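Data block below; observations after.
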There are 2 protein chains.
Amino acid sequence: MSHTAGIRQVQKQKTRQALLDAALALLEEQSLSSLGLREVTRAVGVAPTAFYRHFRSTADLGVALVDEALGSLHRMVRSTVTTADSSDERIHRAVELIARHVDAYPAHVRFIARERHGGVQSVREAIRGQLGRFAEEVRAELAKDPEARGWSEDDLLMLSHLYVDQMLATASLFLEALDGPEGERERITRLATRQMRLISKGRRHWLD
Amino acid sequence: MSHTAGIRQVQKQKTRQALLDAALALLEEQSLSSLGLREVTRAVGVAPTAFYRHFRSTADLGVALVDEALGSLHRMVRSTVTTADSSDERIHRAVELIARHVDAYPAHVRFIARERHGGVQSVREAIRGQLGRFAEEVRAELAKDPEARGWSEDDLLMLSHLYVDQMLATASLFLEALDGPEGERERITRLATRQMRLISKGRRHWLD
DNA sequence: TCATCCAGTTAACAACTGTTCTCCGTAATT
DNA sequence: AATTACGGAGAACAGTTGTTAACTGGATGA
């Protein structure tokens, strides 16, 4: 393994990343289906035609953004769910972890929330696929827990999807509160914590 | 009250509705932020400038679509939640009610799911407001149930938001399966039913 | 009946879009 | 040292966009 740099490839990756960053910034105030190719290149400072050296279309760029955005989400999902058992303290910690992730990568979270049901099919499918893999991973993690004794694989996957959806909904709430009043953040924390707690109670009594 | 027709106002309302319908149809394959004013008028068969007689901008039209779409959702939410107590049969019936609503108004459901986190602020706010009112209404409905004894108003609102979100998530799943394989619909029904059941179990043991 | 109103039309505007083709300079390869 | 590969620039294209202005004809109200 290991491929020595190559000045050329390094520069190409650099402009490619610049295009991705510029697009992500522009997408804070619009949807991908209205993002123009020229708009992106203008923001970066390269010629419009340079875009084609990296992406076939803005939809193609969107798919690349999905990988980048969910790569960062990946860590959050893992550590959130791993600690998301019945203990109230751990739930609270998981919610705060989501809040901190939104603080760190607001544009990524916004992009996923927006384009999950957005107007570009290929991007929707990419997000759905990634979230499906997340849910599967969460399922495997839940299966290790002694509380999962007697659960069918199907039921575990049902629960993991519920967790993933709840996680995204919470992240979206934190996102809306980013440039809002101070107390809003705490209100959302309390709301999300109780919702997670209720789900955990349902989980504990699932086999009654 | 009662305002006799008025040929003029009737015609105006007719073209206005035609604009809304055309826009909704066009929005099945794109987001509101990329919907062009000329695109809509072309689909209806009127001059571009006629658009201004009805809406200030496409964002303005979007807000009008929110009212129309959630007017139809209103009935669904009410009947869904009213019957969404602990009984498994009733939960199952509620899920099927969602499925049937998606069959009846797929474009409306798609619009709400897409623009809830979409690129147009005024539309996002309109949807958030309407969903907030729904959640409040659900809360009032839940409060009537004997099972709500001992619950704080805050906790009831927490639960109602969970219900509303779950409802929309389910509707979105049914939507994706509309032009898909036959078995998918049934699979989603089983998934959503079990998720609702788990939430109901959590609800029943909330005060433990 | 006549003057007013007003939804919709026509024409034109500058600005913008995605895409093609040709070219340039330089890193990579031989 | 000579040749190739390739990321990016430049110019031009046909087509689109939102918005303005002045106008038309039929319903409305006096």
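Sequence lines set the chain letters: A, B, ... in the order given, protein chains first and strands last, and positions in each chain run from 1. Every value quoted in this text rests on a predicted model; they were computed, and no experiment measured them. Side-chain atoms are counted along with the backbone in the values below, which use heavy atoms only and exclude waters and symmetry mates.
- With rounding to whole Å, A/Leu37 atom CG is found 13 Å from C/dT20 atom C1'.
- Each of B/Lys12 and A/Ser57 has a nearest nucleotide on DNA chain C; the 5'-most of these lies closest to B/Lys12.
- Considering every non-hydrogen atom in both B/Leu156 and B/Ala148, the closest pair reads CD2-CB, 4.1 Å.
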When the side chains of residues 40-49 of chain A are checked against the rest of the protein, which donor-acceptor pairs come out under 3.5 Å, sequence neighbours left out?
| unit_1 | atom_1 | unit_2 | atom_2 | d |
| --- | --- | --- | --- | --- |
| A/Thr41 | OG1 | A/Leu37 | O | 3.4 |
| A/Thr41 | OG1 | A/Arg38 | O | 2.9 |

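- Between the CD atom of B/Gln30 and the C1' atom of D/dT16 there is a distance of 14 Å, given to the nearest Å.
- Residue contacts shown for B/Thr15 are limited to sugar-phosphate atoms, with no base heavy atom under 4.0 Å away.
- In this structure, CG in B/Asp145 is found 10.0 Å from CH2 in B/Trp151, a value given to the nearest 0.5 Å.
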For residues 20-31 of chain A, tabulate all N or O donor-acceptor pairs below 3.5 Å that involve a side-chain atom, not counting sequence neighbours.
| unit_1 | atom_1 | unit_2 | atom_2 | d |
| --- | --- | --- | --- | --- |
| A/Asp21 | OD1 | A/Gln17 | NE2 | 3.0 |
| A/Glu28 | OE1 | A/Arg110 | NH1 | 3.4 |
| A/Gln30 | OE1 | A/Ser34 | OG | 3.0 |
| A/Gln30 | NE2 | A/Glu39 | OE2 | 2.7 |
| A/Ser31 | OG | B/Ser33 | OG | 3.3 |
| A/Ser31 | OG | B/Gly119 | N | 3.3 |

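- For B/Glu39 and D/dT16, the CD to C1' distance is 11 Å, given to the nearest whole Å.
- Applying the ring-ring contact (aromatic ring centres under 6.0 Å, His included) test to every pair with at least one member in residues 11-30 of chain B, sequence neighbours left out, gives no pairs at all.
- The minimum heavy-atom distance between B/Ser72 and B/His108, with the atom names listed, is OG-ND1, 3.5 Å.
- Rounded to whole Å, atom C1' of D/dG8 lies 16 Å from atom CD of A/Gln13.
- We find that CZ of A/Phe51 is positioned 13 Å from P of D/dG8, with the value rounded to whole Å.
- At least one side-chain nitrogen or oxygen of B/Arg42 sits closer than 4.0 Å to the OP1 or OP2 atom of D/dT17.
- Heavy-atom contacts from other residues, nucleotides or ligands closer than 6.0 Å to CD of B/Glu153 number 12 or fewer.
- The CG atom of B/Leu19 sits 13 Å away from the P atom of C/dA7 (whole-angstrom rounding).
- Both A/Ala47 and B/Leu35 lie close to DNA chain D; mapped to their nearest nucleotides by heavy-atom distance, the more 5′-ward contact belongs to A/Ala47.
- Here C/dT10 presents its P atom at 13 Å from CZ of B/Arg38, a figure rounded to the nearest Å.
- Ring planes of A/His101 and A/Tyr105: tilted class, angle from 30 to 60°.
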Which atom pairs, donor and acceptor, lie under 3.5 Å between side-chain atoms of residues 124-131 of chain B and protein residues at least two apart or in another chain?
| unit_1 | atom_1 | unit_2 | atom_2 | d |
| --- | --- | --- | --- | --- |
| B/Arg124 | NH1 | B/Gly118 | O | 2.7 |
| B/Gln130 | NE2 | B/Asp67 | OD1 | 3.0 |

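- In this structure, A/Phe55 atom CZ and D/dG7 atom C1' are separated by 14 Å, rounded to whole Å.
- End-to-end axis angle of the helix from C/dT1-D/dA30 to C/dA12-D/dT19, using five pairs per end and rounding to 10°, comes to 10°.
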At under 4.0 Å between heavy atoms, which parts of nucleotides 21-30 of chain D does protein reach? Answer with one letter per nucleotide, 5' to 3': B base, S sugar-phosphate only, - none. B---BBBS--
